[in-house]
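The structure appears below as structure tokens.
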Amino acid sequence: MADSTSTSPASGAAKEAINKTGPHDAAAKASSAAGEAKKALPKQNEAFRMMGLPRLRLPSRNWSIFLGVTGSFFGAMFYDKYQTKLAREKWCKLVSHIAEEPLPSHTLARKVTVYLAAPPGDGLRAAREHFHLYVKPVLVAAAMDWDVVEGRKEGDVRWKTAERIRKRRRAGSEGTPDAEEEYSVESIREKAGTQVYDGVGGDVVVGRNTWKEYVRGMHEGWLGPVDAPVVPGEVGAEGAEPGTHTPGLGGVGDAAVSLATNAVAKPPSLSGSTSESTQSPVATLSETLESAPATSDDASPTADTPAAEEKKDEPPKPRHPPPYINADAYPSATLSALIPEILGPATSVPFPHILGFRNTPIRVYRFLNRRRVADDVGRQVAAAVLASHRPFEATVSTEGGSSSEAAKELLSEEASWWKTTYKPREPHEEAVWIEECTVEERLAGRMRRFELTSVDEERAKAIAQGKKQGVKVEEEG
């Protein structure tokens with residue numbers, strides 16, 4: 001029997017091969033152990049480990065980029081929001097002393113008129129939000145009353161402004177007087193002995209497009225006629241036929257009149273037959289109406305009649321009547337005798353508004369810098385509340401020449417208007433926004449604009465510095 005300890009030649013060769021490769025395996029194991037020792041993480045803090053907190057480590061490259069971008073954006077957004085709040089509070093505190101002034105019980109508070117219009121290419125909601133964010137807080141802080149004139153479409157503010165002035169002129173015995181309303185607000189206040197605030201009122205105009213309509217409406221109201229000019233061919237003009245009834249054709253009204261006339265002219269006879277005397281007048285009227293010739297009103301709406309074709313071809317009607325006077329006729333127009341020595345005063349509030357996907361970087365920049373808009377708008381509204389004003393400069397030199405300062409108010413906003421604003425208008429549409437803002441010399445000399453005095457500016461700076469110092473004291477405490 002062979003010895004159990006004996007080995008075969010094959011196993012001996014394997015052992016020799018293993019012995020030959022043994023030093024190489026030891027070196028490989030040593031190098032791997034050294035690499036693992038280098039990759040080993042530092043020992044975790046025992047306190048954090050006992051609290052069950054995971055091991056803290058830096059985020060990866062992608063997470064670092066994401067957190068850096070989002071953190072910077074939200075940080076800039078919250079910083080701008082905080083600075084906007086400080087700017088709003090600064091101007092509110094500047095005018096808050098007016099709310100503490102006593103006012104007689106039968107005297108109305110001072111009122112300003114706010115003019116709002118939908119920006120080009122957008123709706124009225126954007127203008128309303130701008131008013132509620134920046135204009136309204138300052139007016140509320142001063143306990144001011146205001147009346148809002150809104151315009152949803154181009155030309156609405158122009159018409160309403162001119163109509164308010166024409167109503168004032170009619171009340172002063174110019175033109176055809178308006179019908180007196182027994183229960184109007186003015187009459188009720190007059191009977192109750194309520195007095196209007198005797199002082200400077202003022203107008204606050206939001207946006208460049210609203211300002212152009214405001215100026216156009218003011219010129220139309222004070223330079224144009226009080227009553228609407230009669231256009232030849234319209235209803236009410238000389239030589240025009242106000243009626244639409246065609247002579248020689250009977251209608252429902254003619255049938256009813258003829259029936260009533262015959263009933264009065266021929267009373268029923270007592271000796272007549274029973275059937276004739278008991279005939280119902282309703283049946284007689286229905287028979288007369290059936291025998292009457294059909295008119296265009298009785299025709300089917302789907303009938304192809306000349307009147308229906310004319311209605312289809314009729315162009316859309318304008319929202320308001322055309323202006324009573326054009327800008328070319330301003331120099332030769334007669335100024336109203338009721339015009340006051342001072343018009344307004346007024347102030348133009350900036351309304352930066354831009355649309356379009358390509359303008360997204362500009363919109364993001366403006367979104368993160370709303371504190372500047374709040375400070376600028378607050379300054380203009382505070383000047384209107386404090387009622388400090390000055391005349392508009394007669395001429396302002398520009399690249400294209402010289403013009404009135406009132407005509408160049410907020411001119412930079414036109415560059416941000418939507419491109420469809422400059423398209424040609426339809427015959428029933430107005431083009432006040434794309435036309436030149438014309439200011440007549442006689443009105444330019446009477447117009448005034450609100451502006452803060454140097455004393456008020458110093459007070460505003462002191463209020464802002466005081467708030468910053470208060471914030472620093474709170475942080476140190």
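Atom set for the values below is all heavy atoms of this structure, side chains included, hydrogens, waters and symmetry mates excluded.
Residues forming a ring pair (Phe, Tyr, Trp, His ring centres under 6.0 Å) with Tyr324 (at least two apart in sequence, or on another chain): none. In this structure, the side chain to side chain donor-acceptor pair (under 3.5 Å) partners of Arg319, at least two apart in sequence or on a different chain, are Asp156. Applying the ring pair (Phe, Tyr, Trp, His ring centres under 6.0 Å) criterion to His320, with sequence neighbours excluded, gives Trp159. Applying the ring pair (Phe, Tyr, Trp, His ring centres under 6.0 Å) criterion to Phe66, with sequence neighbours excluded, gives Trp63. Arg168 meets the side-chain contact (heavy atoms from CB on, under 4.5 Å) test with Trp222, Pro340; sequence neighbours excluded. Take His389 and apply the ring pair (Phe, Tyr, Trp, His ring centres under 6.0 Å) test, not counting sequence neighbours, and it matches no residue.
Formation of a donor-acceptor pair under 3.5 Å by the His219 side chain with backbone atoms of Ala327 is not found in this model. Side chain of Glu413 to backbone of Arg208: a donor-acceptor contact under 3.5 angstrom is found.
The two residues Val215 and Thr438 make their nearest non-hydrogen contact at CG1-O, 3.8 Å.
Counting only heavy atoms from C-beta outward, the side chains of Val373 and Pro350 never approach each other to under 4.5 Å. Looking at heavy atoms from C-beta onward, Glu220 lies in side-chain contact with Arg166 at the 4.5 angstrom threshold.
Arg125 has a carboxylate O that lies under 4.0 Å from a charged side-chain N of Glu129, or vice versa, which qualifies the two as a salt bridge. By the 4.0 Å N-to-carboxylate-O rule, Arg128 lies close enough to Glu150 to be salt-bridged with it. The pair Arg390-Glu405 meets the salt-bridge criterion, with a side-chain N (NZ, NE, NH1 or NH2) lying under 4.0 Å from an Asp/Glu carboxylate O. Look at Lys212 and Glu414 and you find a salt bridge, because one of the NZ, NE, NH1 or NH2 atoms lies within 4.0 Å of a carboxylate O, short of that distance.
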### Arg170/Glu163 under salt bridge (Lys or Arg N to Asp or Glu O under 4.0 Å): CA gap, chis, key distance, verdict
CA-CA 10 Å; Arg170 294 190 193 101; Glu163 192 63 23; 3.5 Å; yes
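Note on ring orientation: taking the six-membered ring where Trp is involved, the planes of Phe351 and His130 are tilted (angle from 30° to 60°).
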